[in-house]
Amino acid sequence: MNATGDIPAVLAEGLTKKFGNFTAVDHLDLRIEKGQVVGFIGPNGAGKSTTIRMLCGLLMPTAGRASVAGFDVGREPEAVREHIGYMSQKFSLYGDMTVRENLRFFGGIYRVRREDFVERMRFAISMAGLEGRENALVRTLAGGWKQRLALGCAILHRPPVLFLDEPTSGVEPEARRQFWDLIHELAADRVTILVSTHYMDEAEYCNRVALIDRGKLVAMGTPSELRGHRLSGELYELRCAPLGGALKVLAGVPSVIEAAIFGDRLHVVLTDGERNAPELVSILGDHGVQAEAPRRITPSLEDVFVQLVARGTEQRTMT
Amino acid sequence: MFERLSVMLMKEFLQLRRDRWMMFRLIVPLIIQMVVFGYAATFTVHHVATAVLDLDQSQASRSLISHFVATSRFDIVDMAENRKQITSDIVDDRAVVALVINAGFSRNLENGRSAPLQVIIDGTNSNTALIALGYIGQITAQFSSEQEGRPVALRVGSVSPVTGIKLEPLPWFNEGLNERWFFIPGVIGTLTLLQVVSLTAFAVVREREVGTLEQIMVSPIRPFEFILGKTVPFFLIGFGDIALVSAFGILWFHVPFIGSPLVMLAGAALFLMAAVGMGLLLSTFSRTQQQAFALNFFLLNPFFILSGFAFPIAAMPKALQWFTLINPLRYFLVIIRAVFLKGVGVDVLWPQLLALALLAAVMLTISVLRFTKSLD
């Protein structure tokens with residue numbers, strides 16, 4: 001491997017992908033240091049999968065450049081492929097082949113040396129929790145096992161960089177938790193991992209989080225950095241009923257920057273909480289909405305993302 | 001470099017073996033189609049429903065009618081009383097052919113004058129009509145030649161009057177002009193093309209649809225390793241098809257095989273390469289199995305019709321004749337029929353073999369080039 005300590009595991013500069021008139025990824029800059037677990041967060045259609053596919057060499061960028069593990073994606077795609085593992089939400093294993101046959105196939109495709117293979121296959125099987133089921137057809141496995149096996153297949157050749165495109169979508173919470181434990185075990189071995197997800201709670205498991213919206217990188221930082229600095233205004237929690245009616249009323253209140261439903265209550269961002277929070281109860285009351293006094297809370301990542309994405313939408317509609 | 005290819009091949013054969021219906025799908029339709037083609041695909045016309053109006057009621061007219069009955073080509077379904085009845089027989093589909101023997105038929109014969117026999121024929125199925133008319137000509141010619149010592153001039157419908165020239169047909173290579181001998185070799189080529197093209201196309205498109213193709217594309221596998229792994233099994237299956245169907249044709253339908261198996265093998269190999277190339281090319285234009293199915297359906301029918309399987313290429317309009325030049329089936333049919341029935345070798349068939357080799361090379365090259373490891 002020619003990547004030295006200074007070279008980032010993933011580097012993208014002005015990466016752009018257009019499909020006809022539609023710009024899926026728009027001048028994206030991204031830098032991921034070795035051994036980090038980076039969460040790629042954003043709404044559906046934000047360009048997460050397209051970015052990952054460009055980094056894997058599955059799609060040619062319309063403009064910009066990228067390098068992975070020190071190799072240029074455009075000029076040395078085969079070298080890139082030797083050094084990455086990729087797993088998509090579709091669990092791309094052969095359902096009509098057994099666990100062992102799938103592992104043997106992917107091991108062969110990546111030309112894993114025979115003397116390493118036995119050990120790695122054993123590792124992948126135990127990682128997936130499939131001991132004793134080596135001869136089961138993959139299509140008979142439940143989602144969580146399939147997904148861990150897919151990860152096992154993707155790392156048989158010990159790639160230094162791993163791209164996981166929504167690996168946990170459609171998997172039950174217990175299995176999702178186990179999957180993230182695996183990701184951190186791999187990261188402990190200095191594997192760099194870029195993992196896209198639309199589960200906000202999963203963002204909290206990452207070393208760094210990159211928020212992408214409409215093809216643009218909106219924010220990047222550690223989860224606590226994003227929580228601490230990114231919110232403009234102050235966040236309040238508001239218990240009220242009915243929620244939908246309250247949302248409508250608050251949209252017309254000038255001091256409210258942003259309001260969103262979070263479970264059975266509202267999260268409201270105010271320009272000046274000290275002054276404006278107490279008025280809210282009476283304003284809502286005038287419109288027939290029952291409300292308790294708002295309570296100041298620390299924002300979650302989700303609050304930050306909701307606001308960042310909403311801000312992007314406003315800017316776009318203004319221009 | 002053989003490691004990736006060998007795991008690809010192992011995987012393909014494993015999947016073929018796992019597919020419980022695969023063997024069934026591979027063999028049963030072939031046998032069924034072979035039987036159907038072998039027995040049903042024939043231009044011979046038998047038992048044509050025939051109505052007769054005999055207004056002469058003489059010994060000569062009855063003799064003529066018995067000549068028709070004797071051949072088994074014509075079944076007399078109605079001895080009509082008048083012209084109205086004859087017309088309604090044809091219109092209502094009770095009869096395809098109507099023979100009208102006018103009064104004075106025998107007297108004309110005896111006096112050495114022309115004795116017309118009127119033939120009314122349902123031209124809806126022009127092919128049957130034409131063939132039946134041919135038989136009628138033969139039968140009447142036979143009849144008139146038996147009127148020994150008497151000058152005979154029998155005019156039958158549009159068939160030219162019998163002249164003094166006697167035709168002595170001497171067909172080579174298929175003395176009995178057995179149509180099965182013509183059709184069965186054609187069926188071998190046609191069925192194999194159908195099966196190999198669709199199997200290859202579907203196998204690739206299925207991987208694209210399921211998502212495993214994406215997983216393979218991010219690996220360092222080279223396009224030709226993937227393509228070889230994907231096509232070699234179907235190439236071999238194609239050989240199996242040709243062997244099976246040929247054996248069936250030879251043993252069951254007794255089609256003679258007088259040529260060299262080696263020439264056949266060479267022709268089959270090139271033909272199958274062109275067929276898997278066509279399947280691959282098709283797969284590069286299809287994202288889903290449905291698209292592949294539609295494309296397959298849309299393409300294979302013209303390839304079949306424009307192959308010379310049943311309709312002579314020389315009779316087609318020029319533009320369509322040019323199209324047949326890119327049809328691998330066209331060349332293979334020539335090869336397979338020649339090897340089966342004529343026993344000729346490479347010295348005669350080299351243009352066809354060369355054309356197949358070129359087609360195979362072009363189609364495989366295009367599909368390897370089109371199969372870039374990208375989703376764009």
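All values reported here derive from a predicted model rather than from experimental measurement. Throughout, a chain's letter reflects where its sequence line sits, starting with A, and its residues are numbered from 1.
Within 6.0 Å of atom CZ in R190(A), 12 or fewer heavy atoms from other residues, nucleotides or ligands are found, so the atom counts as exposed in its surroundings. Counted within 6.0 Å of CD on Q290(B), heavy atoms from surrounding residues, nucleotides or ligands total 12 or fewer; the atom is thus considered open. In W145(A), the CH2 atom is not crowded: 12 or fewer heavy atoms of neighbouring residues, nucleotides or ligands sit closer than 6.0 Å.
Heavy atoms only, all atoms of each residue included: T98(A) and R18(B) are closest at N-NH1, 3.9 Å. Nearest heavy-atom pair, V218(B) versus C56(A), reported as atom, atom and distance to 0.1 Å: CG1-CB, 4.0 Å. Here the closest heavy-atom approach between residue R81(A) and residue S219(B) is recorded as CD-O, 3.2 Å. Between M97(A) and L14(B), the closest heavy-atom pair is SD-CD2, 3.9 Å. Taking every heavy atom of both residues into account, S92(A) and Q215(B) meet most closely at CB-OE1, 3.5 Å. Nearest heavy-atom pair across T212(B) and L93(A) is CG2-O, 3.6 Å.
Chain B forms the most heavy-atom pairs under 4.5 Å with one residue out of V80(A), I84(A), D96(A), and that residue is D96(A). Between chain B and the residues M60(A), K17(A), E101(A), the most heavy-atom pairs under 4.5 angstrom are made by E101(A).
Contact of F163(A) with chain B is not made at all, since no heavy-atom distance falls under 4.5 Å.
At a threshold of 4.5 Å between non-hydrogen side-chain atoms, the residues F105(A) and M8(B) count as touching.
Under 4.0 Å is where a charged nitrogen must lie from a carboxylate oxygen, and between R53(A) and E214(B) at least one such pair does.
With rounding to the nearest 0.5 Å, the separation of NZ in K11(B) from OH in Y94(A) is 3.5 Å.
Shown here are the side chain to side chain contact (heavy atoms under 4.5 Å, CB included) partners of V205(B), two or more places apart in sequence or in another chain: S283(B), S286(B), Q289(B), A292(B).
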What side-chain donor-acceptor pairs closer than 3.5 Å can you find for residues 228-244 of chain B, not counting sequence neighbours?
{"residue": "K230(B)", "atom": "NZ", "partner": "E12(B)", "partner atom": "OE1", "Å": "3.2"}
{"residue": "K230(B)", "atom": "NZ", "partner": "E12(B)", "partner atom": "OE2", "Å": "2.6"}
{"residue": "K230(B)", "atom": "NZ", "partner": "E207(B)", "partner atom": "OE2", "Å": "2.7"}
{"residue": "T231(B)", "atom": "OG1", "partner": "I227(B)", "partner atom": "O", "Å": "2.8"}
{"residue": "T231(B)", "atom": "OG1", "partner": "L228(B)", "partner atom": "O", "Å": "3.4"}

